[in-house]
Structures are given as C-alpha cells and as structure tokens.
2 protein chains.
Amino acid sequence: MIEQAKDTETKILDAAKEVFQQKGLTGARMQEIADKAGINKALLHYYYRTKDKLFEKVFELAFSLFIPRVKEMMMSEKSVFEKIEFIVDNYINLLHKHPYIPGFIINELNRNPQMLVQLFEKNVQFKEINLFEKFDNQLQDEVNKGIIRSVDSRNLMTNVIGLCIFPIVARPIIQGVMFNNDKKAYEAFLAQRKQFVVDFIINSIKVK
Amino acid sequence: MIEQAKDTETKILDAAKEVFQQKGLTGARMQEIADKAGINKALLHYYYRTKDKLFEKVFELAFSLFIPRVKEMMMSEKSVFEKIEFIVDNYINLLHKHPYIPGFIINELNRNPQMLVQLFEKNVQFKEINLFEKFDNQLQDEVNKGIIRSVDSRNLMTNVIGLCIFPIVARPIIQGVMFNNDKKAYEAFLAQRKQFVVDFIINSIKVK
DNA sequence: ATTTGGTTTAACCATTTGGTCAAATTTAAA
DNA sequence: TTTAAATTTGACCAAATGGTTAAACCAAAT
C-alpha cells in the first residue's frame, strides 16, 4: 500500500540516518539499521538496493540540511554585523538539533572527497559559483563607510562557521580536557558560547 | 634479530598510522596495513596481537602529538598576545605536517568517547587538572592592566584551537565550496591564513 | 656443525557481512 | 471473490575479514 510503503521507507531512512551518522559508512551494519527500523534486512535492499545507495541518500540529506543554509544567510539583506549574528544564531541552533551531522559530513568527505564532486554534478543548486562576490562587495562597502576594518571574506566566513562547528565536533576533547568530563559543565559552556562567539567576531572586525 | 625486529615493528606502526588515520578503525583493513608495511599479515598479530591493540597504539601516538602541545604552550612564560601568536604558529605548522590527525582523533573519539577516559586512566600526565587556572590568572592580570578586554579563558582557547584546526578538517568542504576545488587556491588560502588568524584573535581581545 | 630462540610465512579457520531469492503475505483492482 | 501486483520475510550464499597455527627460516651462541 502506498501509505504503508512510504512509512516503511521513512522508517528505514530514519534508522539509516541514526546509524550512519554515528558510525559512518564503514562502521554501520545493515543488520543494525534493519533492527532499528524494525524490519527484515532484505527490505533494506528492496527499497534502497545497496548499502552505498542508502548511504548516499543519508549523506545528501545531511549535506543539504547544513551547507546551503550558509548561502541563504549570506545572501540575505542585512548588515555585516546582523548577518554574523544571524548566521551564528541559526547555525548553533541547527547544531543543537543535529550535533552528529557536521562530524559525519567532515569524516565521510575526508574518506572520499570525490563525493562532493559527484554531489555537485548531480545537484547543481549546491554549486553556487559567486557566493562570495556579493559578500565581498558588502564588506568593501562597510570598510569604505568606516564600519569595519578590511577583512578577507573567505577567512571571515571560515571563522564564523568554524567557531560554531568546532566545539560540537570536538565535544569529547573539550568536555574531557576542559571540563573533566562533566557533561553539565560542557552544556553550560555551549549555552553561553553563542553570545561569546558573536561578540568575539564583531569585536574583531569592528572599527572602534 | 633485535635490529630487524625493531625495524619491522616500526614499519608496521608507520603503515598502521597511515591506514588508520585515513580510514579509521572500522574502515582500515589488516591486509592493507600488512601490504603497506611489506610483510605477511600474520606478523601484524605477532607484534600487536589484535587490530584493536594496534589501533590503540596509533591513536595514543596521534593524541600525544597533538593534545599535550597546547598545555606546554599555555604554560610558557609569555604575554597573552605572544602566547596566541606562538600557539597559532606552532599548531598550524604541526597541522601542516599531520593534516589527517585532528580529523582522525575527532572521529574516533565521537565513535567511542570512552577511549579518552581510558587514555586518562592509563596515562596520567595527560590529565592536567588545573590547566586553566594559571591562564585565567594571566588573563585577569592583563585585563586589570588594560591590555585586553575581559574574556573567558575556555572560550578563548576553544577559538584559538578551533580556528587552526577547522579549515584543515573541513578541507574538502572549504576547497570545494569556497575555491571550486582548486587545490592551489586552497593551499594559498592556508598559507596566508596564519597571519589572519593571529590578527583576528588579537584584534578581538585587544583594548584599543 | 648443531642447537636454540626469535622471526616470518603460507595455509587455514570461524565469523561477519552485504546481498539474493523464492515463497508467503498483504493490498488494491477487477 | 478472484486476480495481480506490491510488500515482507526466512533461509541462504559468496566474499571479506580478523585471527590462528604449524612449519620454515635465520642469526647467534655453543
């Protein structure tokens, strides 16, 4: 039945997300995904043919949830300061909901960088050529107005995203080394960090 | 004999480093390690018993190469600005030599955070309880002197390390999205980034 | 030259794993 | 109600994989 089918397909995909994102392609087991979805292992192959195909689907969904967000945010009609606040805010919220995804994407892309090329070929909307042109102009504009000092757009954007993502992907290290593995302390750290990051960046580029 | 033995052991370890750091515990194959070391697979088990034990060794070496460095640097007798410049400089150089290690550590610790606990138990020198106490005092001192604005030490240190590591672990994304997969452009980006990061951080905390 | 101990290998084993298939079951159409 | 199609399952398979073992090899000591 079409309803039931959709349901099964979704149950499989949800289970696959969970297992792949936590264990990676090589660490994941089809049997575990089937168990988590509450179905027979053969059904996985009925709906998704192979492990690789199922993985590809999961990866694409994870990727499209995280990467194109930055584009939207950079394209919005806001001042540089507002954009930074907006991006940090949104990204940290997103990370709070999906803490495993960035590590998953980073790890799988390091294992097989070719995936990104294939993704760009298959899904043209990901490949926005002049993402930075507009942002570059805006930065230059605000430099001329004496609002910010001169900064390279790609370095700035790397910092914005990196400062959001790093404490999440490096959670075990940070929680372990900085907070003696105190989970509550780490969570408190994250909670206050959003404001710190915004201030840190704006302070760095603002002309005083 | 003892010379040859040491040599074989080293060859195995070197091969294991390469394979594990690129493919992770679950993605690595004992046969591939043996091939890369130019020896029979049974020799791996002769010298290191099991895959897990060999992996543990590789992980420990990688970990001890990266994490304790921060401690040394934070403990040195330098001003805050000098420390930041020193850490960024050293860390980026280290990353240039071992670009796979941070991703490796991050990924394996996310797969099994328990490893860190075991490592601390086994290797007490890693667990420096009051790493931040001295640094906190130094920061407060320079705040009082009007050199820097008031910043939380753990947030600051997270930023320093994160800004160094992130562009390396996220290389495929950055190279792909920001530089249209132009390897040279990415490398040029890294080369100029060291100075950018130092300026970015110091500018952010300096009182002008 | 023979013995002894560590080193290395080829062959082998048990288990795991991704994947298949024919049969059973369910669902929707005729 | 019958039929046809889609869905689900248990049983099974071949390949891959970590690990073992007995025999061969080799260098040094006697």
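Chain letters run A, B, ... following the sequence lines, proteins first and then strands; every chain starts at 1.
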**Message:** For D:dT8 and A:Tyr47 - does any side-chain N or O of the residue sit under 4.0 Å from the phosphate oxygens OP1/OP2?
**Reply:** yes
**Prompt:** Do the side-chain N or O atoms of A:Thr8 get closer than 4.0 angstrom to the phosphate oxygens (OP1, OP2) of D:dT7?
**Reply:** no
**Message:** Assess whether a salt bridge exists between A:Lys57 and A:Glu9, defined as any Lys/Arg side-chain N lying under 4.0 Å from an Asp/Glu carboxylate O.
**Reply:** no
**Prompt:** Please give, in whole Å, the distance from D:dA23 P to B:Tyr46 OH?
**Reply:** 18 Å
**Request:** Establish, for the pair B:Lys78 and B:Phe86, whether the NZ or CZ atom is under 6.0 angstrom from the six-membered ring centre and no further than 45 degrees off its axis.
**Result:** yes
**Request:** State whether A:Phe132 and A:Arg154 meet the cation-pi test: NZ (Lys) or CZ (Arg) under 6.0 Å from the six-membered ring centroid, and within 45° of the perpendicular axis.
**Result:** yes
**Message:** Once you measure the plane-to-plane angle for B:Phe179 and B:Phe189, does it fall in the parallel (<30°), tilted (30-60°) or perpendicular (>60°) bin?
**Reply:** tilted
**Asked** Taking the side chain as C-beta and beyond, is there a heavy-atom pair between B:Leu54 and B:Leu13 under 4.5 Å?
**Response** yes
**Asked** Is there a side-chain contact between A:Pro167 and A:Arg193, using heavy atoms and a 4.5 Å cut-off?
**Response** yes
Listed pairs, N/O of protein and of nucleotides 19-22 of chain C, under 3.5 Å:
unit_1: C:dG19; atom_1: OP2; unit_2: A:His45; atom_2: NE2; d: 3.3
unit_1: C:dG19; atom_1: OP2; unit_2: A:Lys51; atom_2: N; d: 2.6
unit_1: C:dG19; atom_1: N7; unit_2: A:Lys41; atom_2: NZ; d: 2.5
unit_1: C:dG19; atom_1: O6; unit_2: A:Lys41; atom_2: NZ; d: 2.5

**Polar side-chain atom of B:Ser204 near backbone of A:Asn203 as donor-acceptor pair, under 3.5 Å** = no
**Item:** Mate of C:dA1 where both pairing distances stay under 3.5 Å, Watson-Crick or G-U
**Value:** D:dT30
**Prompt:** Which residues, if any, of residues 12-29 of chain A bring a heavy atom under 4.0 Å of DNA chain C?
**Reply:** A:Ala28, A:Arg29
**Request:** Would you please test A:Glu108 and A:Asn112 for side chain to side chain donor-acceptor pair (under 3.5 Å) and show each step?
**Result:** CA-CA 6 Å; A:Glu108 298 301 328; A:Asn112 179 16; over 6 Å; no
